[in-house]
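Just below is one structure, and these are the notes that go with it.
Throughout, a chain's letter reflects where its sequence line sits, starting with A, and its residues are numbered from 1.
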Amino acid sequence: MINITLPDGSTRKVESGTTAYDVAMDISEGLARNVLAAEVNGEVWDPQREIRSDASLKLLTWNDDAGKSTLWHSSAHLLAEALESLYPGVKFWVGPPIEHGFYYDVDFGDQTFTDKDFTAVEQKMLELAKTKNPFIRKEISKAEAITYFTEKGDEYKLDLLEGLEDGTITLYTQGNFTDLCRGPHMPHTGFVKAAKVMSIAGAYWKGDESNKQLTRVYGITFPKKQELTAYLELLEQARARDHRKLGKEMDLFAFSEKVGQGLPLWLPKGAELRSRLEDFLKEAQRKAGYQGVITPHIGNKELYITSGHYAKYGADSFQPIQTPAEGEEYLLKPMNCPHHCEVYKARPRSYRDLPVRFAEFGTVYRYEQSGELHGLTRVRGFTQDDAHIFCTADQVKEEVSNVIDLVLYIFDILDFKDFVVQVSLRDPENPEKYIGSDENWEKAERAIQEVAEEKGLNTIVELGEAAFYGPKLDFMVRDAIGRKWQLGTVQIDYNLPERFELEYVGADNSKHRPVMIHRAPFGSMERFVAILIEHCAGKFPLWLTPEQVKILPISDRFNEYAKGVSKVLENHDIRALVDDRSEKVGKKIRDAELEKIPYMLIVGESEAAEGTVSVRRQGEGDVGGMSVEAFAERIRSEIAEMLKKKD
RNA sequence: GCCGAUGUAGCUCAGCUGGUAGAGCAACGCAUUCGUAAUGCGUAGGUCUGCGGUUCAAGUCCGCAUAUCGGCUCCA
């Protein structure tokens with residue numbers, strides 16, 4: 001007999017060899033029907049696997065993340081089975097569960113697979129699901145496994161086998177499909193009640209650009225039909241918030257084939273919004289002791305040879321600009337750091353001057369791969385809210401800490417709650433990708449991790465994500481459909497100060513090397529505005545929005561009064577427009593609502609007579625009448641409320 | 001850059017297997033002067049992304065280019 005401890009702390013005595021499924025059956029048949037996997041001593045197992053020693057047990061269903069993953073992982077096998085039956089001879093690489101669904105990397109050989117074939121695959125999957133084929137686990141020796149996949153002619157699985165140790169190899173079979181897999185899997189295919197092939201894409205084998213591309217088939221499945229419908233609806237809603245769609249609808253920005261790929265044009269309303277954000281940050285930075293600098297858009301090639309950027313990125317950048325002078329070359333600036341280093345060097349620095357913080361909204365140009373361009377989030381010309389802090393080694397932690405506070409302050413004001421702080425360190429496997437001494441790297445990596453910990457940030461550590469000159473702390477935020485983007489960033493850099501031979505005179509009257517901190521709280525204006533649009537679905541906070549108020553006269557007879565109201569509001573620094581078209585007020589309201597203008601003021605006979613306005617809030621409806629002055633005060637206090645966290 | 005898909009009026013889209021382009025909204029004009037999500041009538045707007053090719057005939061078929069979209073790779 002063995003003891004099974006359940007999450008509520010209760011213990012059951014059962015025969016050795018009992019499965020999680022048996023335990024679930026013992027609790028209730030309904031529960032057993034829904035068990036997809038089981039956590040046994042912290043490890044996720046097949047529910048049908050026999051437990052042979054005392055164990056803690058948690059039954060996992062669709063409501064648990066691990067349960068979902070198990071369903072999706074098993075669904076990847078189901079997809080593979082369907083593909084194998086429809087496209088005999090296809091070869092499989094790997095098919096893991098992902099955040100929403102799963103994929104399988106497939107080599108279709110000479111056969112073609114397009115989005116027109118999705119429905120057939122979905123039907124096949126459901127047909128196979130209905131048979132309720134059990135997933136059967138089998139432990140086998142490496143030699144047997146090699147024989148099996150050699151006979152099948154599956155070189156990808158043989159490649160996988162090479163990396164596996166004998167004695168740890170398992171196969172899973174459902175119906176006619178057998179896969180090399182460590183599991184776990186759900187009891188049988190019948191759990192899948194809805195299946196959708198979402199998309200296909202090319203994916204390099206083993207993620208390496210020099211390898212051939214396999215076809216990655218993305219899918220998602222659900223244990224209930226209506227969950228699929230709900231999921232697709234949710235996706236649809238998310239797409240409605242896409243900044244590319246809203247940016248066009250709201251006249252914020254545009255692209256032009258003639259101007260060039262990835263080079264955004266900010267339209268008047270977008271420019272207005274952006275400059276308000278810039279003003280907001282400038283004010284916060286002024287209080288935090290930053291000094292503005294301005295540097296040119298180009299720099300001599302030597303500048304980037306010195307910084308090391310030329311060696312690293314020169315070949316993949318916009319190519320040097322030639323001048324009439326023989327051999328003279330300039331680069332469109334891809335980053336501001338080298339310029340700021342030269343700003344630092346403009347005069348001798350004393351330890352008493354440090355830290356110095358040079359800030360610049362610096363527009364940079366990077367020749368991103370064409371396939372990488374994406375709305376405003378990945379572009380070839382963008383403006384960084386950049387600053388470089390030059391300080392002593394002792395000051396690093398405090399400066400990094402202050403930068404983090406600044407980022408958190410901005411996120412707080414804009415109500416960004418769903419973010420992850422990523423600590424980006426070197427890839428220990430590829431030290432040649434980085435410049436600078438190990439000693440400095442270790443110092444910088446330690447400093448960044450210590451500050452993150454002291455701040456109590458919820459961090460994840462990513463190896464290999466560091467910049468080539470130093471580790472980073474990145475604030476990652478999701479867009480409407482869940483893709484992660486880096487916004488705020490802080491980077492510690494011991495290398496550029498060396499390369500540029502930056503110095504300051506210490507209290508000991510000798511020369512020392514400062515540490516450089518790169519930072520951008522927004523990341524770039526383009527990406528930040530993109531995420532902001534998606535975050536608020538185009539309904540910008542009152543203090544930021546380009547148009548705060550629209551005045552809607554009931555008829556042309558009240559246009560004059562409306563203009564008077566607009567003047568008063570203008571005097572209160574409120575951004576108001578009059579809709580003086582000869583349209584019915586219902587139409588004007590509808591248009592203003594669709595334009596997402598926060599306040600509508602309806603004015604007609606009675607308002608003109610009494611000097612009032614009828615206030616309507618976007619998305620909420622009629623708020624009631626008040627004097628123009630009272631309305632102005634309402635706006636003023638609402639904005640003050642939004643920004644009050646400021647002090 | 002790679003794999004795949006897409007590109008028709010300012011916007012959203014229709015246009016079957018090739019026969020010479022259409023709707024709604026927006027714009028403009030006229031009428032209407034209106035009370036909290038669409039007033040009516042009318043007008044104008046398109047070398048169907050571009051360049052080549054096949055054909056008696058191409059928005060439709062083919063090739064190349066270009067841009068966009070979904071991924072991969074990349075991201076100073």
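- Of the side-chain N and O atoms in A:R590, none sit less than 4.0 angstrom from OP1 or OP2 of B:U36.
- The side chain of A:A467 lies closest to B:A76, out of B:A76, B:C69, B:U36.
- Both the sub-6.0 Å distance and the 45° axial angle are not jointly satisfied by A:R366 relative to the ring of A:F382.
- Nucleotides B:U49 and B:U60 place their C1' atoms 16 Å apart, quoted to the nearest Å.
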Heteroatom pairs (N/O) under 3.5 angstrom, protein to nucleotides 24-27 of chain B:
residue, atom, partner, partner atom, Å
B:A26, OP1, A:K587, NZ, 2.3

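- Annotation: proximity of residues 306-317 of chain A to RNA chain B (heavy atom, distance under 4.0 Å) is found for A:H309, A:Y313, A:S317, numbered in ascending order.
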Enumerate, atom names and distances included, each donor-acceptor pair closer than 3.5 Å involving a side-chain atom of residues 596-608 of chain A, sequence neighbours excluded.
residue, atom, partner, partner atom, Å
A:Y599, OH, A:R617, NH1, 3.0
A:Y599, OH, A:R634, NE, 3.1
A:Y599, OH, A:R634, NH2, 3.4
A:Y599, OH, A:E638, OE1, 2.5
A:E607, OE1, A:G604, N, 3.0
A:E607, OE2, A:S614, OG, 3.0

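- With sequence neighbours excluded, no residue forms a ring pair (Phe, Tyr, Trp, His ring centres under 6.0 Å) with A:Y304.
- Comparing B:U39, B:A76, B:C72 by their closest approach to the side chain of A:Y218 singles out B:C72.
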For nucleotides 59-62 of chain B, which of its nitrogen or oxygen atoms have a protein nitrogen or oxygen under 3.5 Å away, and what is each distance?
none

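- The phosphate of B:C34 has OP1 or OP2 within less than 4.0 Å of a side-chain N or O from A:R557.
- Straight-line distance between the C1' atoms of B:C2 and B:C13: roughly 31 Å, to the nearest whole Å.
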Please report, to 0.1 Å, the donor-acceptor pairs under 3.5 Å made by any side chain of residues 108-118 of chain A, with sequence neighbours excluded.
residue, atom, partner, partner atom, Å
A:Q111, NE2, A:P88, O, 3.0
A:T114, OG1, A:K116, N, 3.2
A:D117, OD2, A:T114, N, 2.8

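- OP1 or OP2 of B:A76 lies within a sub-4.0 Å distance of a side-chain N or O belonging to A:K472.
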Encoded 5' to 3' (Watson-Crick or G-U under 3.5 Å; [ ] crossing; | other strand), RNA chain B becomes (((((((..((((.....[..)))).(((((.......))))).....(((((..]....))))))))))))....
Whether each nucleotide of nucleotides 2-14 of chain B has a protein heavy atom under 4.0 Å at its base (B), only at its sugar-phosphate (S) or at neither (-) is summarised, 5' to 3', as BB--------S--
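- For A:F361, there are no ring pair (Phe, Tyr, Trp, His ring centres under 6.0 Å) partners two or more places apart in sequence or in a different chain.
- Of the residues in residues 375-384 of chain A, A:G375, A:R378 come within less than 4.0 Å of RNA chain B through at least one heavy atom, sorted by number.
- For A:W485, the ring pair (Phe, Tyr, Trp, His ring centres under 6.0 Å) partners at least two apart in sequence or on another chain are A:H374.
- Between A:R216 and B:G70, a side-chain N or O to OP1/OP2 separation shorter than 4.0 Å is absent.
- Residues in residues 333-342 of chain A take part in these salt bridge (charged side-chain N to carboxylate O under 4.0 Å, His left out) pairs, two or more places apart or across chains: A:K333-A:E360.
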